[in-house]
Enquirer: 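One structure follows; several queries about it will come next.
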Amino acid sequence: MSFLFGSRSSKTFKPKKNIPEGSHQYELLKHAEATLGSGNLRQAVMLPEGEDLNEWIAVNTVDFFNQINMLYGTITEFCTEASCLVMSAGPRYEYHWADGTNIKKPIKCSAPKYIDYLMTWVQDQLDDETLFPSKIGVPFPKNFMSVAKTILKRLFRVYAHIYHQHFDSVMQLQEEAHLNTSFKHFIFFVQEFNLIDRRELAPLQELIEKLGSKDR
């Protein structure tokens with residue numbers, strides 16, 4: 001289901017993915033929010049003592065999806081078929097879409113189309129109870145980590161596109177502090193658990209180094 005081309009009254013690009021209140025994952029999310037408030041992001045991303053790594057990664061992946069959803073939602077009017085004919089992150093990086101099931105051979109498409117495919121695909125993964133179980137005691141599947149890595153690798157591309165092609169618009173909207181904090185949190189998280197290959201991070205390498213050095 002695609003929500004991109006309808007009229008959007010709310011600012012999120014896709015419907016927000018909610019974690020059920022009262023669940024253990026909800027408690028973990030609250031813990032993550034509380035530690036984020038301390039301002040020490042390196043500490044905030046660490047696995048809380050006694051917690052399951054898969055569950056921690058699941059909760060944070062949902063949270064990053066919601067954050068990117070909101071950030072991209074603020075700039076969709078600037079990211080159009082006309083302005084962004086291809087999905088790129090600067091002149092050296094271009095992404096073609098394939099999900100391995102519906103679209104097996106990578107296709108070249110505009111950035112809004114690519115991001116729509118990408119966010120719809122992520123949403124489908126997050127909604128799949130066999131991949132992202134929300135009930136206590138239901139185990140995560142054996143392939144959970146590789147699915148989570150693919151989701152995060154693809155979500156990174158939305159950050160990369162926003163930074164390279166739409167940072168002026170982000171500044172105009174005075175959203176840059178929000179974007180930077182969200183991206184820094186994302187990067188520290190994927191670095192902590194080694195979730196994205198360094199080569200995939202190349203389009204924002206300078207920014208990543210800058211964010212890391214500020215924190216030392």
Side-chain angles (χ1 to χ4, degrees), residues 11-14 32-33 35-47 56-57 59-80 83-97 109-119 121-122 148-216:
K11 271 295 185 197
T12 61
F13 175 58
K14 298 267 169 201
E33 284 168 1
T35 50
L36 276 175
S38 73
N40 184 339
L41 281 174
R42 284 270 180 226
Q43 221 173 333
V45 297
M46 289 175 183
L47 179 67
W56 182 238
I57 286 175
V59 165
N60 280 279
T61 300
V62 170
D63 191 35
F64 290 128
F65 168 77
N66 286 332
Q67 287 185 41
I68 292 168
N69 200 1
M70 240 162 58
L71 288 163
Y72 185 67
T74 60
I75 58 122
T76 46
E77 64 195 282
F78 308 107
C79 185
T80 64
S83 69
C84 301
L85 250 171
V86 293
M87 173 63 178
S88 61
R92 289 173 52 209
Y93 301 96
E94 189 179 302
Y95 302 110
H96 296 177
W97 178 255
C109 56
S110 67
K113 194 104 183 107
Y114 184 101
I115 292 169
D116 192 34
Y117 279 135
L118 186 156
M119 296 300 268
W121 177 83
V122 172
K149 284 179 173 179
T150 304
I151 290 173
L152 293 165
K153 174 181 80 176
R154 288 177 173 172
L155 288 175
F156 167 81
R157 294 170 181 176
V158 185
Y159 280 119
H161 180 72
I162 294 173
Y163 271 111
H164 276 283
Q165 314 302 135
H166 301 293
F167 197 67
D168 286 353
S169 305
V170 169
M171 283 174 71
Q172 240 177 315
L173 295 163
Q174 297 180 321
E175 286 283 338
E176 67 269 31
H178 183 187
L179 173 65
N180 289 339
T181 306
S182 172
F183 181 63
K184 187 175 181 180
H185 179 202
F186 178 88
I187 281 302
F188 283 12
F189 188 82
V190 299
Q191 285 175 337
E192 174 71 15
F193 303 105
N194 203 10
L195 298 167
I196 302 180
D197 192 297
R198 256 184 89 88
R199 283 168 312 186
E200 283 285 339
L201 300 173
L204 293 177
Q205 197 48 50
E206 271 179 51
L207 175 64
I208 291 167
E209 280 166 18
K210 207 157 89 183
L211 293 173
S213 66
K214 271 187 187 167
D215 215 66
R216 282 191 191 107

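Keep in mind that what you see is a predicted model, and the values were worked out from it rather than measured. These numbers come from the heavy atoms of this one structure, side chains and all, not from hydrogens, waters or symmetry mates.
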Enquirer: Enter the distance from Trp97:CH2 to Leu118:CG here, rounded to the nearest 0.5 Å.
Expert: 4.5 Å
Enquirer: Can you list the residues that meet the side-chain hydrogen bond (donor to acceptor under 3.5 Å, both in side chains) rule with Ser169, with sequence neighbours excluded?
Expert: none
Enquirer: Show every salt bridge (charged side-chain N to carboxylate O under 4.0 Å, His left out) that has at least one partner inside residues 149-176, sequence neighbours left out.
Expert: Arg157-Glu200
Enquirer: Name the atoms and distances for all side-chain donor-acceptor pairs under 3.5 Å in residues 186-198, with sequence neighbours left out.
Expert:
{"from": "Gln191", "atom 1": "OE1", "to": "Arg42", "atom 2": "NH1", "distance (Å)": "3.1"}
{"from": "Gln191", "atom 1": "OE1", "to": "Arg42", "atom 2": "NH2", "distance (Å)": "3.4"}
{"from": "Asp197", "atom 1": "OD1", "to": "Arg199", "atom 2": "N", "distance (Å)": "2.9"}
{"from": "Asp197", "atom 1": "OD1", "to": "Arg199", "atom 2": "NE", "distance (Å)": "3.3"}
{"from": "Asp197", "atom 1": "OD2", "to": "Arg199", "atom 2": "NH2", "distance (Å)": "3.2"}

Enquirer: Rounded to the nearest 0.5 Å, what separation is found between the CD atom of Gln172 and the CD1 atom of Ile75?
Expert: 11.5 Å
Enquirer: If you measure from CD on Glu206 to NZ on Lys210, what distance do you get to the nearest 0.5 Å?
Expert: 8.0 Å
Enquirer: Rounded at 0.5 Å granularity, tell me how far OH in Tyr95 sits from NE2 in His161.
Expert: 11.0 Å
Enquirer: So Ile151 and Phe65, do their side chains get closer than 4.5 Å, heavy atoms only?
Expert: no
Enquirer: Check side chain to side chain contact (heavy atoms under 4.5 Å, CB included) between Thr181 and all other residues, then give those that pass, not counting sequence neighbours.
Expert: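 Checked Thr181 against side chain to side chain contact (heavy atoms under 4.5 Å, CB included); zero matches.
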Enquirer: Between Pro112 and Tyr72, which heavy-atom pair has the shortest distance, and what is it?
Expert: CA-OH, 3.6 Å
Enquirer: Roughly how far, to the nearest 0.5 Å, is the CD1 atom of Ile162 from the CG atom of Leu71?
Expert: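 If I round to the nearest 0.5 Å, the distance is 5.5 Å.
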Enquirer: Please identify each residue that fulfils ring-ring contact (aromatic ring centres under 6.0 Å, His included) with Tyr163, with sequence neighbours left out.
Expert: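 Partners of Tyr163 under the ring-ring contact (aromatic ring centres under 6.0 Å, His included) test: Phe167, Phe183.
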Enquirer: Does the side chain of His185 come within less than 4.5 Å of Asp63's, by heavy atoms?
Expert: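 In short, these two side chains touch, coming nearer than 4.5 Å.
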Enquirer: When rounded to the nearest 0.5 angstrom, what distance separates CG in Leu155 from CD1 in Ile68?
Expert: 4.0 Å
Enquirer: Considering all heavy atoms of both residues, which atom of Pro203 and which atom of His164 are nearest to each other, and what is their separation?
Expert: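 Smallest interatomic distance, heavy atoms only, reads O-NE2, 2.7 Å.
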Enquirer: Could you list the donor-acceptor pairs under 3.5 angstrom formed by side chains in residues 86-94, with sequence neighbours left out?
Expert:
{"from": "Ser88", "atom 1": "OG", "to": "Gln165", "atom 2": "OE1", "distance (Å)": "3.4"}
{"from": "Glu94", "atom 1": "OE2", "to": "His96", "atom 2": "NE2", "distance (Å)": "2.8"}

Enquirer: What closest approach, in Å, do Asn60 and Trp56 show between heavy atoms, and which atom pair accounts for it?
Expert: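 Residues Asn60 and Trp56, closest heavy atoms: ND2-O, 2.8 Å.
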Enquirer: Who pairs with Ser182 by side-chain hydrogen bond (donor to acceptor under 3.5 Å, both in side chains), at least two apart in sequence or on another chain?
Expert: Gln67, Tyr159
